[in-house]
Amino acid sequence: MSRYMRTYPRHGCVVVELSGDIDVEAADIITPALDALTDRPGPDLVVDLGPVDFLDCSGLSVLCRVRRRATRHDRKLHLVCDHPMTLRIMRATGLIAAFRPVPTLEQALAGYEP
């Protein structure tokens, strides 16, 4: 979809893989695509931050927006993240409990049928 984001189906979910620096520029580019993805009921979502090098407050805002919009349509959102700095920021902002990130895509998809 863009240099910052790609989506693909996996185990009945939609995986949203973000990559690179998720900053103000990236947020402006990916937000419309994420809004389109979350504007109606559909499969559960997995946001994979594995390829992300840097995530600032704009990136956190995008994640919160995706979570809010998915929840509004009774869709679950799973977050894949093992980057120490991103996890530290999520802890500092209190978002770690809301997202409960797991370190691997396989863990996020556990319980879904292949």
Side-chain angles (χ1 to χ4, degrees):
M1 295 185 93
S2 79
R3 66 182 174 150
Y4 300 108
M5 180 178 122
R6 76 179 182 114
T7 62
Y8 57 93
R10 182 106 180 257
H11 299 286
C13 295
V14 174
V15 177
V16 178
E17 180 182 271
L18 301 181
S19 61
D21 292 347
I22 306 302
D23 54 15
V24 172
E25 177 187 344
D28 286 345
I29 292 169
I30 64 176
T31 295
L34 290 168
D35 283 354
L37 189 64
T38 57
D39 69 350
R40 62 191 161 288
D44 291 346
L45 301 170
V46 176
V47 177
D48 185 356
L49 300 181
V52 169
D53 299 316
F54 172 78
L55 185 97
D56 71 2
C57 60
S58 300
L60 287 178
S61 179
V62 168
L63 292 177
C64 289
R65 181 181 179 95
V66 168
R67 182 177 178 273
R68 183 178 62 251
R69 291 172 60 90
T71 302
R72 182 182 316 148
H73 295 293
D74 296 322
R75 298 168 76 176
K76 292 180 183 173
L77 175 70
H78 305 280
L79 186 67
V80 177
C81 180
D82 68 350
H83 193 280
M85 185 56 72
T86 301
L87 293 171
R88 182 177 176 186
I89 291 168
M90 292 182 81
R91 276 188 209 93
T93 58
L95 293 174
I96 200 89
F99 284 100
R100 292 177 284 157
V102 295
T104 68
L105 182 58
E106 289 71 28
Q107 286 176 298
L109 293 169
Y112 289 93
E113 293 295 319

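Heavy-atom basis, side chains included; hydrogens, waters and symmetry copies ignored.
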Between Ala36 and Asp39, the two heavy atoms sitting closest are O-OD1, 2.9 Å
Heavy-atom side-chain contact between Val47 and Leu63 under 4.5 Å: yes
- Non-hydrogen side-chain atoms of Leu18 and Tyr4 separated by less than 4.5 Å: no
Q.
Quick one: does any side-chain atom of Arg40 pair with a main-chain N or O of His73 as donor and acceptor, under 3.5 Å?
A. no
Minimal heavy-atom distance between Val102 and Ala108, with the atoms involved, is CG2-N, 3.6 Å
Can you find a pair of side-chain heavy atoms, one from Thr71 and one from Leu77, that are under 4.5 Å apart? no
Stepwise salt bridge (charged side-chain N to carboxylate O under 4.0 Å, His left out) test for Glu17 and Arg10: CA-CA 12 Å; Glu17 180 182 271; Arg10 182 106 180 257; over 6 Å; no
In this structure, CG of Asp56 is separated from OG of Ser61 (nearest 0.5 Å) by 9.5 Å
- Message: Contact between Leu34 and Arg69 at the side-chain level, heavy atoms closer than 4.5 Å - yes or no?
- Response: no
Residues Leu95, Leu60; criterion side chain to side chain contact (heavy atoms under 4.5 Å, CB included); working and verdict: CA-CA 9 Å; Leu95 293 174; Leu60 287 178; 4.1 Å; yes
What one should report as the nearest heavy-atom pair of Leu45 and Ala70 is CD1-CB, 4.0 Å
Hydrophobic clusters here meaning ILVMFWY residues chained together by side-chain heavy-atom distances under 4.5 Å, can you tell me if Leu37 and Val46 are in one? no
Taking every heavy atom of Ile29 against every heavy atom of Pro32, the minimum-distance pair comes out as O-CD, 3.5 Å
Note to self: Please check: side-chain N/O of His11 versus main-chain N/O of Cys13, any donor-acceptor pairing under 3.5 Å?
What the structure shows: no
Checklist entry - For the hydrophobic clusters of this structure (ILVMFWY residues joined by side-chain heavy atoms under 4.5 Å, transitively), does one cluster hold both Ile22 and Leu87? => result yes
Distance col, row Arg68:CZ vs Thr38:OG1, nearest 0.5 angstrom, shows 9.0 Å
- Would you say the side chain of Arg65 lies within less than 4.5 Å of the side chain of Asp35, judging by non-hydrogen atoms? yes
**OP:** Give a yes or no on whether the backbone of Gly50 and the side-chain of Asp48 come within a donor-acceptor separation of less than 3.5 Å.
**Re:** yes
For this session: Test Met85 against Leu55 for side chain to side chain contact (heavy atoms under 4.5 Å, CB included), laying out the working first.
Result: CA-CA 9 Å; Met85 185 56 72; Leu55 185 97; over 6 Å; no
Quick note, side chain to side chain donor-acceptor pair (under 3.5 Å) partners involving residues 85-98, not counting sequence neighbours, are none
The reported gap from SG in Cys81 to CZ in Phe99 (rounded to nearest 0.5 angstrom) is 10.5 Å
Closest non-hydrogen contact found for Ala27 with Val62 is CB-CG2, 3.6 Å
Notebook entry, point to check: Transitively linked via ILVMFWY side-chain contacts under 4.5 Å: Ile89 with Leu49?
Noted result: yes
Here the side chain to side chain donor-acceptor pair (under 3.5 Å) pairs for residues 104-114, sequence neighbours left out, are Asp44-Tyr112, His78-Tyr112, Thr104-Gln107
inquiry  = Whether the side chain of Arg67 engages the backbone of Ala98 through a donor-acceptor N/O pair (distance < 3.5 Å, no angle test) should be reported.
reply    = yes
All heavy atoms of Val24 vs all of Ser58, minimum pair found to be CG2-OG, 3.0 Å
Notebook entry, point to check: Is Ile96 close to Pro101 at the side-chain level, that is, under 4.5 Å between some pair of heavy atoms?
Noted result: yes
Distance col, row Met5:CE vs Thr31:OG1, nearest 0.5 angstrom, shows 9.5 Å
